[in-house]
Amino acid sequence: MSEAPPVVKCLIWDLDNTLWQGTLVEDGHVEVDDAVRKVVTELDARGVLQAVSSRNDHDEAWARLEELGLAEYFVLPHINWGPKSESVRRIAERLNFALTTIAFIDDLPTERAEVAYHLPDVRCYSADQAALLLGLPEFSPPVVTVDARRRRQMYRAGFERDREREQYQGADEEFLRSLDLVMRISRARDEEITRVEELTLRTSQMNATGVHYSDAALRALLDDERHDVLVVSMADRFGPHGAVGVMLIERTPHAWRIKLLATSCRVVSFGAGAVLLRWLTDAAARAGVHLVADFRRTERNRMMEVAYRFAGFTGADCACLATFSPGEGAECLHLEPVRQDPPTTMRVFAPEPHGTAGEAQWT
């Protein structure tokens, strides 16, 4: 049995006779059918990004989208007179999405054929299918997470952040300080587990073990007194980054074991992984315990190994290791922690190290 195609992550709309009824340059006034408007708003609520590829005058078409109250729903509008396959390709590259997760809808068979010829992995739909999209499995993610519901806002904030970074003339550290970055480390709540599982599944370069923890396995650990499932989120003056990391910590009287540490590649440039390890080292030092970290080399997680080594973890023997048994192909790294200074580039809010409720700023 063949696998089902991946869920669509971005739908790219043509405008004339597709999103709206009529042709803007000929009719001058075009309207959007209520059924199509519902598709746009509901896909947005499901976390499906939407973009535009249209042969039109950009300023005139975008002004009409604003008048219709729909402009806010679209990222990366490509409204020009070039080939639509080129616009679709550039949108996918800018979003860093695989073409298999991109869909394109257009009323003209010639335009769909041009996209399909150059980008055969992109799924193409005719305009008369627009009202039916909400019922198709590829547009129906099985679970809609908190981050999915605000995905559009997160990507818009990311684009603004990237533009400012390109224009910034100072050092990287100065730019990071200018962002007013805030990291929050908190115990995972029930509604966040699906996103946490997604991070363990999709993150490979910054995953210390490459292990995928299922939704059921993570939920079972929420009520386990020996384990902390910690979710890491970030935000700055441009908006939220959403959930960007997960840590699974097993606590014993003499050591804390990092069974899983994974962070999104989106926040590597902000030093998120290093900050997490420094906070955990400081928290362990305050709690008077050693740190043990499971690590399994994969083809892609060299950066994670460097992060552990840079933080001071080694393969040294210690009596505290006797209680831990790493999985097949993994090793236990060890660290006797000492107090750490908080970062100068972001504020960090996190739980207190003794398993108490609530959070405090790391100072």
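Hydrogens, waters and symmetry mates play no part in the numbers below; they use all other heavy atoms, side chains included.
Note: Y125 and F139 meet the aromatic proximity criterion, with ring centroids under 6.0 Å apart.
Contact detail for R177 and T345: the closest heavy-atom pair is CG-CA, 3.9 Å. For the pair G239 and R161, the tightest heavy-atom approach, listed with the atom from each and the gap, is O-NH2, 3.7 Å. Taking every heavy atom of both residues into account, E60 and L24 meet most closely at CG-CD2, 3.8 Å. Summarising the geometry of W81 relative to D57, their closest heavy-atom pair is CZ2-N, 3.7 Å, with the distance given to 0.1 Å. Residues R309 and G315 share a closest heavy-atom pair of NH1-N, 3.8 Å. Residues A61 and W20 share a closest heavy-atom pair of O-CH2, 3.9 Å.
At a threshold of 4.0 Å, the pair E31-R37 does not count as salt-bridged, since none of the basic side-chain nitrogens sits closer than that to a carboxylate oxygen. One finds a salt bridge joining R64 and E67 here, because a Lys/Arg side-chain nitrogen approaches an Asp/Glu carboxylate oxygen to under 4.0 Å. Of the charged side-chain nitrogens involved, none lies within less than 4.0 Å of a carboxylate oxygen, so that E72 and R156 do not count as a salt-bridged pair. Salt-bridge annotation for R152 and D44: present, with a side-chain N of the basic residue lying under 4.0 Å from a carboxylate O of the acidic one.
Residues meeting the side chain to side chain contact (heavy atoms under 4.5 Å, CB included) test with A235, sequence neighbours left out: none. Checked against salt bridge (charged side-chain N to carboxylate O under 4.0 Å, His left out), E93 has the following partners two or more places apart in sequence or in another chain: R89. The salt bridge (charged side-chain N to carboxylate O under 4.0 Å, His left out) test applied to E160 returns no partner, not counting sequence neighbours. The side chain to side chain donor-acceptor pair (under 3.5 Å) check on T18 picks up D14, D107, with sequence neighbours excluded. S87 meets the side chain to side chain contact (heavy atoms under 4.5 Å, CB included) test with S53, H78, N80; sequence neighbours excluded. Under the rule for a salt bridge (charged side-chain N to carboxylate O under 4.0 Å, His left out), the partners of R46 that lie at least two apart in sequence or sit in another chain are E42. When the side chain to side chain contact (heavy atoms under 4.5 Å, CB included) test is applied to P109, the partners found at least two apart in sequence or on another chain are R112. Take Q153 and apply the side chain to side chain donor-acceptor pair (under 3.5 Å) test, not counting sequence neighbours, and it matches no residue. Looking at residues two or more places apart in sequence or on another chain, you find a side chain to side chain donor-acceptor pair (under 3.5 Å) between Q50 and W13. Contacts of D33 classified as side chain to side chain contact (heavy atoms under 4.5 Å, CB included), with partners at least two apart in sequence or in another chain: Q21, A35, V36.
Between the side chain of T281 and the backbone N or O of L277, at least one donor-acceptor pair lies under 3.5 Å. Distance alone, capped at 3.5 Å, places no donor-acceptor pair between the R187 side chain and the V229 backbone. Side chain of R278 to main chain of D341: a donor-acceptor pair is present (N/O by atom type, distance under 3.5 Å, no hydrogens or angles). No donor-acceptor pair closer than 3.5 Å links the side chain of Q167 to the backbone N or O of E164. Side chain of R149 to main chain of A45: no donor-acceptor pair is present (N/O by atom type, distance under 3.5 Å, no hydrogens or angles). In terms of modelled atom types and a separation under 3.5 Å, the side chain of D236 and the main chain of L179 share no donor-acceptor contact. T23 places no side-chain N or O within 3.5 Å of a backbone atom of E26 that could act as its donor or acceptor partner. Side chain of R150 to backbone of G242: no donor-acceptor contact under 3.5 angstrom is found.
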TODO: Determine, step by step, whether Q361 and T363 satisfy the side chain to side chain contact (heavy atoms under 4.5 Å, CB included) criterion, reporting the C-alpha distance in whole Å, the side-chain angles of both residues, the deciding distance to 0.1 Å, and the verdict.
DONE: CA-CA 6 Å; Q361 182 173 352; T363 57; 4.0 Å; yes

- [ ] Show your working on side chain to side chain contact (heavy atoms under 4.5 Å, CB included) between F313 and V292 and close with a plain yes or no.
- [x] CA-CA 8 Å; F313 284 83; V292 176; over 6 Å; no

TODO: Report the C-alpha separation of L280 and M247 in whole Å, then their side-chain angles, then the decisive distance to 0.1 Å, and conclude whether the side chain to side chain contact (heavy atoms under 4.5 Å, CB included) test is met.
DONE: CA-CA 10 Å; L280 194 57; M247 291 189 289; 4.2 Å; yes

- [ ] Run the numbers on W362 and R347 for side chain to side chain contact (heavy atoms under 4.5 Å, CB included), then give the verdict.
- [x] CA-CA 7 Å; W362 179 20; R347 289 176 292 148; over 6 Å; no

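One hydrophobic cluster, built from ILVMFWY side chains closer than 4.5 Å, cannot hold both I105 and V88; they sit in different ones. Note on L261 and V275: same hydrophobic cluster, where clusters join Ile, Leu, Val, Met, Phe, Trp and Tyr whose side-chain heavy atoms are under 4.5 Å apart, directly or indirectly. Put simply, V30 and V32 are part of the same group of oily side chains (I, L, V, M, F, W, Y) that touch within less than 4.5 Å, one to the next. Residues M154 and Y73 do not share a hydrophobic cluster, clusters being chains of Ile/Leu/Val/Met/Phe/Trp/Tyr side chains in contact below 4.5 Å. L132 and V40 are assigned to two separate hydrophobic clusters, defined by single-linkage of ILVMFWY side chains at heavy-atom distances under 4.5 Å.
To the nearest 0.5 Å, atoms CD (E250) and CG (L260) are separated by 13.0 Å. Between the CD1 atom of I249 and the CG atom of L291 there is a distance of 7.5 Å, given to the nearest 0.5 Å. One finds the CG atom of D317 at 9.0 Å from the OG1 atom of T314 (value rounded to the nearest 0.5 Å). In this structure, the separation between OG on S186 and CZ on F349 is 12.5 Å, given to the nearest 0.5 Å. Expressed to the nearest 0.5 Å, how far CG of D282 lies from CH2 of W279 amounts to 9.5 Å. Between L108 atom CG and K84 atom NZ the span is 6.5 Å, to the nearest 0.5 Å.
Between L43 and V8 the shortest side-chain heavy-atom distance does not fall below 4.5 Å. When side chains are defined from C-beta on, F159 counts as touching R94, because their heavy atoms get closer than 4.5 Å. Counting heavy atoms from C-beta on, the side chains of N56 and V25 come closer than 4.5 Å. Annotation: side chain of V267 is in contact with side chain of V244 (closest heavy-atom distance under 4.5 Å).
Exactly one of K259, R257, R251 qualifies for a side chain to side chain donor-acceptor pair (under 3.5 Å) with H227. That residue is K259.
Other residues, nucleotides and ligands contribute more than 12 heavy atoms inside 6.0 Å of the OH atom of Y168. With a 6.0 Å radius and a threshold of 12 heavy atoms from other residues, nucleotides or ligands, H118 has its NE2 atom above the threshold.
Residue pairs meeting the salt bridge (charged side-chain N to carboxylate O under 4.0 Å, His left out) criterion with at least one member in residues 116-140, sequence neighbours excluded, do not occur.
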N/O donor-acceptor pairs under 3.5 Å from side chains in residues 330-338, not counting sequence neighbours:
| from | atom 1 | to | atom 2 | distance (Å) |
| --- | --- | --- | --- | --- |
| E331 | OE2 | R297 | NH1 | 2.9 |
| H334 | NE2 | H290 | ND1 | 3.0 |

